[in-house]
Undergrad: 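Have a look at the structure that comes next, please.
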2 protein chains.
Amino acid sequence: MTSQPAFKRADPDERRASLIAACARVLARDGAAGASVRAIALEAGVSPGLIGHYFGGVDALVAATYAQVETQVAAALDAAVAAAGSDPRARLEAYVCASLLPPIADSELLSTWIAFWSLVRARPEIASLHDEQYGRFRAGLAALLAEAGVPAPALRRTALAVTALVDGLWLELCLSPRTFGEGEAAAIARGSLSALISTARSAGSGNS
Amino acid sequence: MTSQPAFKRADPDERRASLIAACARVLARDGAAGASVRAIALEAGVSPGLIGHYFGGVDALVAATYAQVETQVAAALDAAVAAAGSDPRARLEAYVCASLLPPIADSELLSTWIAFWSLVRARPEIASLHDEQYGRFRAGLAALLAEAGVPAPALRRTALAVTALVDGLWLELCLSPRTFGEGEAAAIARGSLSALISTARSAGSGNS
DNA sequence: GCGCTTGTTATACGATCGTTCAACAAGCCG
DNA sequence: CGGCTTGTTGAACGATCGTATAACAAGCGC
C-alpha cells in the first residue's frame with residue numbers, strides 16, 4: 001500500500017472551471033439557498049477554503065458561474081443558427097427553438113438559470129450580468145427578425161414579445177417539465193413565432 | 001407618563017395576515033435568501049417566536065404567503081374580466097393585460113413572485129402550489145380563448161403560448177423594469193395576443 | 001534525495017440561521 | 001380590584017453560514 005497523494009495540484013484555470021461546474025450543479029440541485037461554500041466544495045471534492053482562495057468569496061463564484069453558463073448558452077445558440085444554413089427564416093427558427101430543445105433546455109441548466117433570476121433583485125453585479133445577457137439575446141433576435149423581413153418599426157416590440165415567449169416557456173419547462181410533451185415547447189414557439197412575424201410584416205408600423 | 005402596553009394582543013386572523021404581509025414585503029425587498037424568521041418578525045414589529053407560534057415554522061409562513069398572493073392576483077384578474085363587460089375579445093384582453101398593469105404589475109408583487117419561483121425546485125409544497133396556480137391561470141385563459149373563437153384543437157397550444165408570453169413579460173418587468181415604457185408591456189401583450197388568436201382561428205387544427 | 005514554493009487542507013472564529021420554551025403581561029371575567 | 005387565561009416576549013440552543021489563517025504536503029528545480 002504505497003500511500004497515494006491526498007490531493008493533487010491542478011492548473012488554476014482547470015481548478016476554477018471545476019469549481020464553477022460544481023457551483024452550477026449545486027445551484028441546479030438545491031437552488032440559490034443551497035449554494036453554500038461547504039456544499040460547493042463538497043460537490044467539487046475539495047476543501048472549502050479553496051473557494052475563497054480562487055474567487056475571494058462565494059458571491060464572486062456564483063457570479064462567475066452565471067457568466068460561464070451564459071457564455072455556454074450563447075455559443076449553443078450561435079451554433080444552431082450557423083447550422084441552419086442561409087435561409088433567414090430557418091436561421092430565426094433555429095435561434096428561437098434552440099433555447100427550448102436539448103442541450104439548452106436541460107433540467108440542470110434551467111434550474112441554474114432560475115437561481116440566477118432570484119438573485120437579480122438583491123445583487124447588483126448579478127443584475128448587470130442579467131441586463132447584458134438579456135440585451136445580447138434581444139439584439140441577436142432583432143437582427144434575425146430584420147433578416148426575416150420584420151419592418152424596422154415593429155422590430156422592438158416583436159423582439160420583446162418573442163423574448164418573453166421564450167423566457168416564459170423556459171420558465172415553465174423548468175418549474176414543471178411534465179406540462180410539455182417531447183419537443184412541444186419548441187413547437188409552440190415555432191407556431192407563435194410564425195404568427196407574430198407574419199402579423200408584424202403585414203401590419204408594418206401599426207401601433208398595437 | 002402612564003406606561004403604555006408593551007404589546008397588544010391581536011385577533012389570530014389579523015395577526016396571521018399581518019405576518020403574511022410582512023413576509024411578502026421581505027421577500028420583495030431581499031429575495032428568498034432574506035426571508036429569515038428574525039427579518040420577518042422585525043418587519044412585522046413582533047418577536048421572532050410568534051412566527052413559530054402561528055405557522056409552526058418559517059417554511060409554512062412562506063407557503064402561506066404564496067397562497068395569499070396568488071389569491072390576490074386571481075381576484076384582481078377576475079375583477080378585470082368582470083369590468084370588461086360581455087364582449088369576448090374585451091374580456092380576453094382584460095385578463096391578459098391585467099397581469100401587466102398596476103396593481104398586479106407591481107414591483108413588490110413581482111419580486112415576491114420570483115422568490116416563489118426560486119423555491120419551486122427545492123420545496124415540494126411550493127411546487128404543488130405552483131402547479132395549481134399555473135393550471136388555474138391556464139384554464140381561465142383557455143375558457144376566454146374559446147369564447148373569443150379559438151377552435152378547440154388550437155386551445156391548448158394557444159393558452160400555453162399566451163401564458164408563456166405573460167410570464168416572460170412579467171419576468172422582465174420585474175428583473176429590469178426600465179426595459180419597458182409606461183404600459184408598453186401590456187401593449188406588446190395585446191398586440192401579440194391579437195396575432196396569436198387570429199392565426200389560431202384561421203389555421204384551425206393545423207399542427208404548427 | 002532535498003529544499004522550496006505554493007496549492008491545498010483543516011480548523012477556528014463570529015455572525016446568523018430556525019426552533020424551543022420558561023417567564024411575562026395584556027386584557028377579560030367574576 | 002384580583003385572579004386567570006393565553007398571546008407574546010426574549011433568551012438560549014445547536015446547526016450552519018462565510019471568511020481568515022496556520023499547518024501541511026505535492027511536485028518542481030537542483
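A quick note: this is a predicted structure, and the numbers were derived from the prediction, not measured. Reminder, nothing fancy here: chain letters follow the sequence lines and each chain counts from 1.
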Undergrad: Between A/Arg9 and A/Glu14, is there a salt bridge with N-O shorter than 4.0 Å?
TA: no
Undergrad: Whole angstroms only, please: what is the CG-P distance between B/Leu42 and C/dC17?
TA: 11 Å
Undergrad: Verify ring-ring contact (aromatic ring centres under 6.0 Å, His included) between A/Trp117 and B/Trp117, making sure each step is shown before the conclusion.
TA: CA-CA 9 Å; A/Trp117 280 342; B/Trp117 281 340; 7.2 Å; no
Undergrad: More 5' along DNA chain C: A/Pro48 or B/Gly56, using each one's nearest nucleotide?
TA: A/Pro48
Undergrad: Which is true for B/Gly57 with a 4.0 Å heavy-atom rule: it touches a base, it touches only sugar-phosphate, or it touches nothing?
TA: sugar-phosphate
Undergrad: Expressed as a whole number of angstroms, how long is the span from B/Arg16:CZ to D/dT8:P?
TA: 10 Å
Undergrad: Under 4.0 angstrom, heavy atoms only, what part of the nucleic acid is A/Ala35 near: base, sugar-phosphate, or nothing?
TA: sugar-phosphate
Undergrad: Ignoring hydrogens and angles, tell me if any N or O in the side chain of B/Arg123 forms a donor-acceptor pair with the backbone of B/Asp59 under 3.5 Å.
TA: yes
Undergrad: Would you please classify the geometry between the A/Tyr66 ring and the A/Phe116 ring as parallel, tilted or perpendicular, with 30° and 60° separating the classes?
TA: parallel
Undergrad: Please determine whether a side-chain nitrogen or oxygen atom of B/Arg9 lies at a distance below 4.0 Å from atom OP1 or OP2 of D/dT5.
TA: no
Undergrad: Under 4.0 Å, heavy atoms only, any strand: does B/Val58 hit a base, just the sugar-phosphate, or nothing?
TA: sugar-phosphate
Undergrad: Taking the minimum atom-to-atom distance to the side chain of B/Ser47, which one of C/dT8, D/dT19, D/dG10 wins?
TA: D/dG10
Undergrad: Report the distance from atom CD of A/Gln68 to atom OG1 of A/Thr112, rounding to the nearest 0.5 Å.
TA: 11.0 Å
Undergrad: Write down the distance between CG (A/Leu50) and C1' (D/dT19), rounded to a whole number of angstrom.
TA: 14 Å
Undergrad: With a cut-off of less than 4.0 Å, is there a side-chain N or O of A/Tyr54 near OP1 or OP2 of C/dT8?
TA: yes
Undergrad: Nearest-Å distance, NE2 (A/His53) to C1' (C/dT5)?
TA: 12 Å
Undergrad: Assess whether one donor atom and one acceptor atom, taken from the side chain of A/Arg38 and the base of D/dG18, lie less than 3.5 Å apart.
TA: yes
Undergrad: At under 4.0 Å, does any side-chain N or O of B/Ser36 touch on OP1 or OP2 of C/dC17?
TA: yes
Undergrad: Quick check: on DNA chain D, is the nucleotide nearest A/Ala6 upstream (toward 5') of the one nearest B/Phe7, or the reverse? Name the residue that is more 5'.
TA: B/Phe7
Undergrad: May I have the distance from A/Arg123 (atom CZ) to D/dG18 (atom P), rounded to whole angstrom?
TA: 11 Å
Undergrad: NZ of A/Lys8 versus C1' of D/dA25: gap in Å, rounded?
TA: 16 Å
Undergrad: Rounded to whole Å, please give me the gap between CD1 in B/Ile40 and P in C/dT16.
TA: 16 Å
Undergrad: B/Phe55 has an atom CZ; how far is it from atom P of C/dT20, in whole Å?
TA: 16 Å
